[in-house]
Amino acid sequence: MSSPQTPEDGQGCGGRGDPPGDLRSVLVTSVLNLEPLDEDLFRGRHYWVPASKRLFGGQIVGQALVAAAKSVSEDVHVHSLHCYFVRAGDPKVPVLYQVERTRTGSSFSVRSVKAVQHGKPIFICQASFQQAQPSPLQHQFSMPTVPPPEELLDSEALIDQYLRDPNLQKRYPVLLNKIAAQEVPIEIKPVNPPTLSQLQRMEPKQMFWVRAQGYIGEGDMKMHCCVAAYISDYAFLGTAMLPHQCQHKVHFMVSLDHSMWFHAPFRADHWMLYECESPWAGGSRGLVHGRLWRRDGVLAVTCAQEGVIRVKPPVSESKL
């Protein structure tokens, strides 16, 4: 799964300096390390299970992309994937990934992946891989101007700050639990974290710096894409709830589909800015768009997701 196309540290997308003795990311050694069972058949195990007791969608997307990438040659790289979550995953048993080599072409190759538990598919995915091709036709949006990650509080420091506010702790315990992501093998630094007053009138937009915990290293672009797939699902759909969290409590929220487009080489163990926005919500569904920016301003990945969002009916206060 190696590739020489990852960006060099000197290009401005780095952040760690990558000391030789740095700890390997658990995303590489455990979460995305699939067990081969047969040709194009793999078994994946679980590392972190959310409070919902369902499998984390990013884990399934990342593992499925690992399985697909093992069936293509080293000189092609994923440029897009499109997935559907069809059943809730069971955190008590492993997931089997079955790969179908749908098409292998001279420029593009397509792989279909089915994730199975208890004999039934819980997730289906199609990933397209492309041989590198130069093009004079290029453009991209401009990266938002935000403070660098070194100037921002990490999740642990932010949650400590919030817990000092008794009003915030009392009114938003679920939100505080989401911010506290100690068990997730990624590092997060929110940009402009909201105050108590801001929580009541938030737009469906958020930005945070994000990277994998530990060291992944250069030279394995396929693995960096798989790690980005894992990262991309964290707190993504929640963007659609930001304007409504003071009026409604979530009863059920789960991803329906997830798509990604990979534009430029990047390192998932270096800080990237995740820009998320929800242009629409309705019909018990929410739509979210996301962009992962390299630190040097290069747009690396674009994401989109729709999910089910059901809220509890408001409780009317008695006027007696």
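The shortest distance between side-chain heavy atoms of Q63 and L32 falls below 4.5 Å. Contact check for K222 versus V72: side-chain heavy atoms found under the 4.5 Å cut-off. In this structure, M207 and L273 have side chains that are in contact, with non-hydrogen atoms separated by less than 4.5 Å. Looking at Q59 and V61, their side chains never come closer than 4.5 Å, going by heavy atoms from C-beta outward. Side-chain contact between F236 and C276 is present, with heavy atoms from C-beta onward closer than 4.5 Å. Between K249 and V311 the shortest side-chain heavy-atom distance does not fall below 4.5 Å. Between Q117 and L96, the closest side-chain pair of non-hydrogen atoms is not below 4.5 Å. For the pair L81 and L65, the minimum side-chain heavy-atom distance is below 4.5 Å.
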**Prompt:** Given R43 and V95, is the side chain to side chain contact (heavy atoms under 4.5 Å, CB included) satisfied, shown in steps?
**Reply:** CA-CA 6 Å; R43 177 162 52 200; V95 180; over 6 Å; no

**Prompt:** Does the pair S107 and Q133 meet the rule for a side chain to side chain donor-acceptor pair (under 3.5 Å), with working shown?
**Reply:** CA-CA 9 Å; S107 297; Q133 297 176 346; 3.0 Å; yes

**Message:** Checking S112 against Q126 for the side chain to side chain donor-acceptor pair (under 3.5 Å) test, could you report, in this order, the C-alpha distance in whole Å, the side-chain angles of both residues, the deciding distance, and whether it holds?
**Reply:** CA-CA 4 Å; S112 300; Q126 286 194 318; 3.2 Å; yes

**Item:** CA sep, side-chain torsions, deciding dist, call: Y84, C125, side chain to side chain contact (heavy atoms under 4.5 Å, CB included)
**Value:** CA-CA 6 Å; Y84 282 94; C125 172; over 6 Å; no

**Request:** Determine, step by step, whether I188 and Y234 satisfy the side chain to side chain contact (heavy atoms under 4.5 Å, CB included) criterion, reporting the C-alpha distance in whole Å, the side-chain angles of both residues, the deciding distance to 0.1 Å, and the verdict.
**Result:** CA-CA 10 Å; I188 299 171; Y234 184 76; 3.1 Å; yes

**Request:** List the steps, then state whether side chain to side chain contact (heavy atoms under 4.5 Å, CB included) holds for L153 with K189.
**Result:** CA-CA 6 Å; L153 295 176; K189 291 192 174 186; over 6 Å; no

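When only modelled atom types and interatomic distance are considered, S71 and R111 share a side-chain donor-acceptor pair under 3.5 Å. D75 and Q131 share a donor-acceptor pair across their side chains, judged by distance under 3.5 Å alone. With no hydrogens or angles considered, a side-chain donor-acceptor pair links Q305 and H258 at under 3.5 Å. S109 and R101 form no side-chain donor-acceptor contact under 3.5 Å, judged by distance and modelled atom types alone.
Taken to the nearest 0.5 Å, the CD atom of E187 stands 10.0 Å off from the CD1 atom of I231. Here the NE2-CZ distance, from H224 to F266, works out to 8.0 Å after rounding to the nearest 0.5 Å. To the nearest 0.5 Å, atoms OG (S128) and NE2 (H77) are separated by 13.5 Å. Atom CE in M260 sits 7.5 Å away from atom SG in C225 (nearest 0.5 Å). Taken from CZ in R211 to NE2 in H270, the straight-line distance is 8.0 Å, to the nearest 0.5 Å. Distance check, rounded to the nearest 0.5 Å: CD of Q130 to CZ of F262 gives 13.5 Å.
Pairs engaging residues 84-94 under the salt bridge (Lys or Arg N to Asp or Glu O under 4.0 Å) rule: D90-K92 [sequence neighbours left out]. Screening residues 42-74 for ring-ring contact (aromatic ring centres under 6.0 Å, His included), with sequence neighbours left out, gives W48-F56, F56-Y230.
Annotation: H118, atom NE2; neighbour count of heavy atoms from other residues, nucleotides and ligands within 6.0 Å is above 12. For N192, the CG atom sits in a loose shell: 12 or fewer heavy atoms of surrounding residues, nucleotides or ligands are nearer than 6.0 Å. Within a 6.0 Å radius of CZ in F252, other residues, nucleotides and ligands contribute more than 12 heavy atoms.
Residues H79 and F108 place their aromatic rings such that the two centres sit under 6.0 Å apart. Aromatic ring centroids of H82 and W261 lie under 6.0 Å apart.
Note on L55: it clusters hydrophobically with V26, by side-chain heavy-atom contacts below 4.5 Å among ILVMFWY residues. A continuous path of hydrophobic side-chain contacts links Y97 to I122 [ILVMFWY only; heavy atoms under 4.5 Å]. Using a 4.5 Å cut-off between side-chain heavy atoms of Ile, Leu, Val, Met, Phe, Trp and Tyr, with links allowed through other members, V99 and I124 fall into different hydrophobic clusters. Grouping the Ile, Leu, Val, Met, Phe, Trp and Tyr side chains by contacts below 4.5 angstrom, directly or via other members, places F129 apart from V110. Hydrophobic clustering places L237 together with I186 (ILVMFWY residues linked when any side-chain heavy atoms are closer than 4.5 Å, directly or through intermediates).
No donor-acceptor pair under 3.5 Å is formed between the side chain of N33 and the backbone N or O of V28. Side-chain N or O atoms of R24 include none that pairs as donor or acceptor with a backbone N or O of G217 at under 3.5 Å. Looking at D220, its side chain does come within 3.5 Å of a backbone N or O of M223 through a donor-acceptor pair. Side chain of E203 to backbone of E277: no donor-acceptor contact under 3.5 angstrom is found. Side-chain atoms of S25 come within 3.5 Å of backbone atoms of L27 as a donor-acceptor pair (strictly under, hydrogens ignored). The main-chain N or O of A235 is found under 3.5 Å from a side-chain atom of Q206 such that the two form a donor-acceptor pair. Side-chain atoms of S278 come within 3.5 Å of backbone N or O of L287 as a donor-acceptor pair. A donor-acceptor pair under 3.5 Å is formed between the side chain of D269 and the backbone N or O of I216.
Checked for salt-bridge contact, E275 and K205 miss the test: no charged N lies under 4.0 Å from a carboxylate O. We find that E35 and K70 are not joined by a salt bridge, their nearest charged nitrogen and carboxylate oxygen being 4.0 Å or further apart.
The shortest heavy-atom contact between S255 and D233 is OG-OD1, 3.6 Å. In this structure, A268 and A228 approach most closely via the heavy-atom pair CB-N, 4.3 Å. The heavy-atom pair separating A64 from F123 by the smallest distance is CB-CE2, 3.5 Å.
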